[in-house]
Amino acid sequence: MASACEPWAGSDPVKTAVAELAVLGGAPAFADPLHVGRPNVGDREAILAGIGEALDQRWLSNNGSKLEAFERRLSERLGGLHVVATCNATLGLQIAMRALGIEGEVVLPALTFVATAHAVAWEGLTPVFADVDPESLCMGAAEAEARIGADTGALLGVHLWGRSADVEGLAALGRERGLPLLFDAAHTLGSERDGRPLAAFGDAAVLSFHATKIANSFEGGAIVTADRELAERAATMRNFGFVDEDEIVGIGTNAKLSEAGAAMGLASLDALDGFLAASRANYAAYAEALAGVPGVTLLPFDPPESSNCHYVVVDVDPVAAGLGRDELRAVLVAENVLARRYFYPGCHRVPPYDRRPQPPLPVTEGVLDRCLSLPTGTAVAPADAAAIGDLTKLALSQPDAVRGALGD
Ligand code: T4K
């Protein structure tokens, strides 16, 4: 396969007969596994030099020069918003909720990574799950409003897979009901709406810099807000509530990003435009390879140039495609394409949240049954994406043979 940085000019299918598929006994199309979430790694020399400087300075955490530079650089990238870097986005969400003074119930979509719900519950708040809009697959104002009750304390939107939630509708609803609006923007670095970074919307938003994200600081997160006082409260809470050497102003936790993490984060931000280009090229290759395939719909980015395209997700309609999502996944996994069922089975279906009675979430259930995330990022080349598209088409050309091989 071509390297991720080579321009892609198309390629011949890796397999041409169904009998060659690995589920029918053929050799896997890829010798090494292709992961969803393989880290993008910036300039190795710069990363190691940054960590070396931290070692030379003997300043490894607690507001060191790397952290300050990382927050400054991220703020610049986000148009000057206040940035409070954290050791991960989960704690970033928790701190943002505390700093916003949220109490009671928090309305959020069930269709998200479980960290979103856990962050709410860990703060002693009650997650109340809403359905999602069928187009954006994010919780919109109508879905959120249906779950607002007397105890609602906040709205927590999620820009799922880096695609925009209805930011205007949710903001209007929050204003009307007097509810703060927080966004889980874990997936959004590099995604914009109307020329503004997605993380700029809401009272605050939280980015993730986990290893699997478009840009990483090994582990990491960032609270982003236009509200300086909110950012200051969050920064204090991140460091045990300290405002000075001997002065603690309230409850806090330890959510500091290490200097090694910040050095990695800086190198990632330096490389971000290249990471975005690689993801967008892979997305274009998937779109071309899967165009017109009945029953397999690539979730659109609107437009791809202002989206990070970091999660490539297909919706598999089992009737139109002839194979279900899980059957297609089995085909791809046998080829060493480790496609993921993000975010199955949904927050509402895992403990402790499954113990509470839930209203029906029909759109969410459909997505959880049908969506499949495909490998992308700099470890994947457009030719790989095209090959995965071709393998999909080949499997769907004879669904009965595939189903027979899978023993369904
Ligand atoms: N909100 C949303 C919407 C989120 O998606 C997330 C995190 C959060 C909040 C919380 O953010 P953080 O607190 O994590 O900053 C992974 C990540 O651990 C998680 O951060 C991420 N979302 C989620 C979508 O994916 P898993 O359980 O799928 O991870 P795992 O270990 O199965 O790895 C995923 C794939 O990546 C595997 O195929 C292996 C590959 N991988 C992973 C790592 C860490 C590598 O190839 N190299 C690596 O270093 O959750």
Side-chain angles (χ1 to χ4, degrees), residues 4 30 32-42 47 74 84-97 106 108-123 127 129 132 136-139 156-165 182-189 191 198-199 202 204-224 238 253 255-258 261 264-265 268 308 310-313 329 332-333 336-347 350 364 367-368 371-380:
F30 296 92
D32 297 316
L34 287 185
H35 293 267
V36 175
R38 206 71 168 155
N40 289 335
V41 179
I47 296 164
L74 182 57
V84 179
T86 54
C87 57
N88 58 53
T90 308
L91 273 162
L93 285 166
Q94 289 178 225
I95 288 176
M97 284 185 272
V106 175
L108 74 159
L111 183 60
T112 178
F113 188 57
V114 73
T116 322
H118 283 345
V120 172
W122 204 269
E123 284 303 305
F129 297 115
V132 291
S136 68
L137 306 187
C138 300
M139 178 182 78
L156 174 47
V158 180
H159 298 297
L160 189 73
W161 297 319
R163 299 162 83 240
S164 175
L182 174 64
F183 277 109
D184 179 332
H187 298 172
T188 70
L189 187 65
S191 289
L198 270 189
V206 179
L207 291 162
S208 174
F209 285 88
H210 181 260
T212 56
K213 297 296 181 282
I214 184 113
N216 78 83
S217 53
F218 300 122
E219 291 271 358
I223 302 164
V224 177
R238 163 184 72 177
T253 186
K256 288 168 278 147
L257 180 66
S258 71
M264 181 69 168
S268 295
N308 64 23
H310 184 60
Y311 285 89
V312 174
V313 181
R329 177 169 178 249
L332 294 177
V333 169
N336 249 337
V337 178
L338 306 188
R340 296 288 296 255
R341 300 191 295 182
Y342 283 139
F343 288 103
Y344 185 86
C347 296
V350 300
T364 298
V367 175
L368 291 168
C371 279
L372 192 61
S373 295
L374 301 174
T376 187
T378 53
V380 173

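Counting convention: from 1, in listed order, for ligands and their atoms alike.
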* Counting N and O atoms only, with roles assigned by atom type, does the side chain of N40 sit under 3.5 Å from a partner on the main chain of T378, one being a donor and the other an acceptor? -> yes
* Asked: What are the two closest non-hydrogen atoms of L182 and A96, and how far apart are they?
  -> CD1-CB, 3.8 Å
* Asked: Would you say atom 12 (P) of ligand 1 has a protein heavy atom nearer than 4.0 Å?
  -> yes
* Does an N or O anywhere in H35 fall below 3.5 Å from an N or O of ligand 1? -> yes
* Identity and separation of the nearest protein heavy atom to atom 15 (O) of ligand 1 -> S208 OG, 2.8 Å
* To do: Report yes if A115 has an N/O atom closer than 3.5 Å to an N/O atom of ligand 1; otherwise report no.
  => no
* Contact check, L338 vs ligand 1, heavy-atom distance below 4.0 Å -> no
* Structure fact -> Of all heavy-atom pairs linking T116 and L108, the shortest is CG2-CD1, 3.8 Å
* **Atoms of ligand 1 close to T116 [distance to a heavy atom under 4.0 angstrom, numbered from 1]** => 1 (N)
* To do: Could you tell me which atoms of ligand 1, counted from 1 in the order shown, lie closer than 4.0 angstrom to a heavy atom of A186?
  => 1 (N), 2 (C), 4 (C), 9 (C)
* Of all the non-hydrogen atoms in the protein, which one sits nearest to atom 1 (N) of ligand 1, and at what distance? -> D184 OD2, 2.6 Å
* Asked: Side chain, backbone, both or neither: which part of A89 comes within less than 4.0 Å of ligand 1 when only heavy atoms are counted?
  -> both
* Hey, is ligand 1 close enough to T112 that some N/O pair sits below 3.5 Å? -> no
* **atom 50 (O) of ligand 1 [closest protein heavy-atom partner, distance rounded to 0.1 Å]** => F113 CZ, 3.6 Å
* Structure fact -> for atom 46 (O) of ligand 1, nearest protein heavy atom and its distance come out as R38 NH1, 2.6 Å
* Ring geometry between Y311 and F343 (parallel below 30°, tilted from 30 to 60°, perpendicular above 60°) -> tilted
* **For A199, side chain to side chain contact (heavy atoms under 4.5 Å, CB included) partners two or more places apart** => A185, T188, A205, L207, V224
* Which atom of L338 lies closest to which atom of P375, heavy atoms considered -> N-CG, 4.5 Å
* How far apart are the C-alpha atoms of V380 and R38, what are their side-chain angles, what is the distance that settles it, and do they pass the side-chain contact (heavy atoms from CB on, under 4.5 Å) test? -> CA-CA 9 Å; V380 173; R38 206 71 168 155; over 6 Å; no
* Asked: Name the one of T112, V312, L137 that satisfies side-chain contact (heavy atoms from CB on, under 4.5 Å) with W161?
  -> L137
* Asked: Is there at least one pair of N or O atoms, one from G37 and one from ligand 1, spaced under 3.5 Å apart?
  -> yes
* Under 4.0 angstrom from ligand 1, any heavy atom of G220? -> yes
* Should the proximity of T90 to ligand 1, defined as any heavy atom under 4.0 Å, be assigned to the side chain, the backbone, both, or neither? -> both
* Can you see which heavy atom on V36 is nearest to which on S373, and at what distance? => CG2-O, 3.4 Å
* Protein heavy atom at shortest distance from atom 3 (C) of ligand 1 -> H187 NE2, 3.3 Å
* Sub-4.0 Å heavy-atom contact, Y311 with ligand 1 -> yes
* Structure fact -> re atom 48 (C) of ligand 1, the protein heavy-atom contact at minimum distance is P39 CG, 3.7 Å
* Report yes or no: does H35 contribute a side-chain atom to a donor-acceptor pair with the main-chain N or O of G37 at less than 3.5 Å? => no
* atom 16 (C) of ligand 1: which of F343, F218, Y342 has the nearest heavy atom? -> Y342
* L160 vs V132, side-chain contact (heavy atoms from CB on, under 4.5 Å): CA-CA, chis, key distance, verdict -> CA-CA 10 Å; L160 189 73; V132 291; over 6 Å; no
* Structure fact -> If you scan protein heavy atoms around atom 21 (C) of ligand 1, the nearest is K213 NZ, 2.8 Å
* Under 3.5 Å between some N or O of ligand 1 and some N or O of R340? -> yes
* To do: Go through the structure and list residues passing salt bridge (charged side-chain N to carboxylate O under 4.0 Å, His left out) with R238, not counting sequence neighbours.
  => E71
* Structure fact -> A339 and L332 have their tightest heavy-atom pair at CB-CD1, 4.4 Å
* Ignoring angles and geometry beyond distance, decide whether V36 reaches within less than 3.5 Å of ligand 1 through its nitrogen or oxygen atoms. => yes
* Structure fact -> The protein heavy atom nearest to atom 18 (O) of ligand 1 is H210 CE1, 3.1 Å
* **Residue pair L74 / L189, side-chain heavy-atom distance below 4.5 Å** => yes
